Amino acid sequence: MCRVLILNENRLERENTVKILSQGLPEADILPAAAPRQALDLLGEGTFRLLIVDVPWFDADYCNMMTCAKELAPEMPILVTSTGRRSEIVANVWRLGVQDYLLKPYRPAWLTAAAEVMIRWTAKPAGEWEKDHRERYLKRAAEHMQSFRYKKCINTTKEYLDSLYQETDDIDVIRFSTLSFAEGLARLGGSLGPSAQLKLSNLMERFRLRFDQQGRKHDSFLVLEKMWGVIFDAIDEDRCYAVSDEQRVLNYVDRNVKEGIGLDEAAEYANMSSSYFSKFFKRITGVNFITYMMDGKISAAKDMLTDTDMPVINIAYELSYSETNYFGKAFKKKVGLTPTEYREQHQHTRGRSGEGNVPR
């Protein structure tokens, strides 16, 4: 039987929360706490799978309590309920390492569903090795973010997912680790202002409830890619960040590879003529613009061919190719194989990352 700890200083609300969860989660042992100190004492006496904290306001007592709770039980998720403003809640939850929140008033079914998801999420947590491994990748991602290198952030994310799927077939560990990595990205973006925080929070909320996405590498990557998009949108909009012109242009191009932007569009973004931009781009990358875009599209195509069952025609459309034949010819010229041949040769790698083997 798993144990769930409820902290709510309002007696009637506390009793009602215990009643709702006892009915919705009959196999769980629901323990109430009337004050932060009592909750910490209970956490120190045993293992809990979930902590639900009702926060009237984010004062020092509650913030310190949740910080101490994370120290006592690092892998235990925390769910916050509050009547506060959403922007204020979002600004605090990621800073404190809180996994999710519910705005009051909420329906009893919402509370039960959120608790059930978070308990399932920790059903089979990853070991210390995976945690250290994940933190190393998050640290690398943070360093790339601080130097405003979008492509390196994306590549680090891909490398982490690849390493995770190579290490284990355990779907619960994969889900837990992927969500934890996403939480890490949300924390990285926590200093970029309330708008970015809210967008990252919304992405996390939807992702946490999508068990099917968490179990498929490419779907998870797309969510993480969107999170990076939010982060770099905030960086791009705030001109206080000292991003060089060269890096800002590279970020724009790298973020729009799949959309198939042309030379004229990229030059307009850089506020240059097309001819000058062409020379400028080759100077900073070593290759011409068309080759750079082609290489980026082929790289994305390889990932989709390896990690999904998406038909080749759909992959072509995803990469802004209006004609599948042209995509096939371009792919073969670059890789030496047709897209179908490439997929067949890499079928053995899809046992852990493909869609077909993941329970939904």
Side-chain angles (χ1 to χ4, degrees), residues 1-56 62 65-83 89 93 96-127 130-131 170-180 182-183 201 204-215 359-360:
M1 176 177 286
C2 69
R3 300 204 302 168
V4 177
L5 179 59
I6 308 296
L7 169 58
N8 193 316
E9 296 191 49
N10 183 296
R11 181 179 62 82
L12 291 178
E13 288 189 3
R14 184 170 65 249
E15 292 176 354
N16 189 48
T17 301
V18 171
K19 181 179 178 181
I20 290 170
L21 291 179
S22 296
Q23 293 174 347
L25 304 171
E27 296 183 358
D29 184 16
I30 314 298
L31 277 73
R37 183 67 261 171
Q38 183 187 5
L40 290 175
D41 289 341
L42 288 169
L43 285 173
E45 295 172 0
T47 301
F48 288 85
R49 292 273 289 281
L50 174 63
L51 169 62
I52 301 177
V53 183
D54 183 72
V55 181
Y62 277 93
M65 180 270 163
M66 285 184 276
T67 299
C68 292
K70 295 300 290 184
E71 292 174 355
L72 287 169
E75 303 298 345
M76 176 192 66
I78 299 176
L79 173 65
V80 161
T81 61
S82 180
T83 55
I89 296 170
V93 294
L96 295 168
V98 172
Q99 279 68 33
D100 209 347
Y101 65 89
L102 284 175
L103 293 176
K104 295 162 61 178
Y106 51 77
R107 296 178 182 177
W110 295 356
L111 177 64
T112 301
E116 186 175 24
V117 165
M118 297 175 86
I119 290 169
R120 286 178 61 187
W121 175 38
T122 56
K124 203 179 290 185
E130 208 297 308
K131 181 181 177 183
D170 191 318
I171 191 62
D172 289 319
V173 170
I174 287 172
R175 284 170 168 157
F176 178 88
S177 301
T178 303
L179 280 169
S180 296
E183 279 185 3
S201 175
M204 281 298 305
E205 285 180 37
R206 292 194 292 270
F207 189 39
R208 185 171 288 112
L209 296 173
R210 290 298 304 273
F211 283 88
D212 55 335
Q213 283 186 341
Q214 298 158 22
R360 307 213 178 181

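Count residues from 1 along the sequence. A quick note: this is a predicted structure, and the numbers were derived from the prediction, not measured.
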Would L96 and V80 satisfy side-chain contact (heavy atoms from CB on, under 4.5 Å), going step by step from the backbone distance to the final call?
CA-CA 11 Å; L96 295 168; V80 161; over 6 Å; no

D54 vs T17 side-chain heavy atoms within contact, under 4.5 Å
no

When rounded to the nearest 0.5 angstrom, what distance separates CD in Q23 from CD1 in I30?
11.0 Å

Interatomic distance, I119 atom CD1 to L21 atom CG [nearest 0.5 angstrom]
8.0 Å

Nearest-0.5 Å distance that lies between atom CD1 in I52 and atom CE in M118
8.0 Å

Minimal heavy-atom distance between R14 and A33, with the atoms involved, is CD-O, 3.4 Å

V98 and M66: which non-hydrogen atoms are nearest, and at how many Å?
CG2-SD, 3.8 Å

L79 pairs by side-chain contact (heavy atoms from CB on, under 4.5 Å) with which of V4, D100, L51, V53?
D100

Exercise: identify the closest heavy-atom pair between M76 and K70
O-NZ, 3.4 Å

Between I78 and A69, which heavy-atom pair has the shortest distance, and what is it?
CD1-CB, 4.4 Å

As an exercise, state the distance from CD1 of I6 to CZ of F48, rounded to the nearest 0.5 Å.
10.0 Å

E9 versus A35, closest heavy-atom pair with distance
CG-CA, 4.5 Å

Calculate, to the nearest 0.5 Å, the distance between atoms CG and CG belonging to D29 and L5 respectively.
10.5 Å

Given side chains that start at C-beta, do those of K131 and P74 come closer than 4.5 Å, heavy atoms only?
yes

Salt bridge (Lys or Arg N to Asp or Glu O under 4.0 Å) between E15 and K19, intermediate numbers included
CA-CA 6 Å; E15 292 176 354; K19 181 179 178 181; over 6 Å; no

Decide yes or no on side-chain contact (heavy atoms from CB on, under 4.5 Å) for T47 and R3, but give the supporting numbers first.
CA-CA 7 Å; T47 301; R3 300 204 302 168; 5.5 Å; no

side-chain contact (heavy atoms from CB on, under 4.5 Å), that's the test. Do E13 and T81 meet it? Break it down for me.
CA-CA 11 Å; E13 288 189 3; T81 61; over 6 Å; no

CD-OG distance between E27 and S22, expressed to the nearest 0.5 angstrom
13.0 Å

Shortest non-hydrogen contact between L7 and A39, atoms and distance:
CD2-CB, 4.2 Å

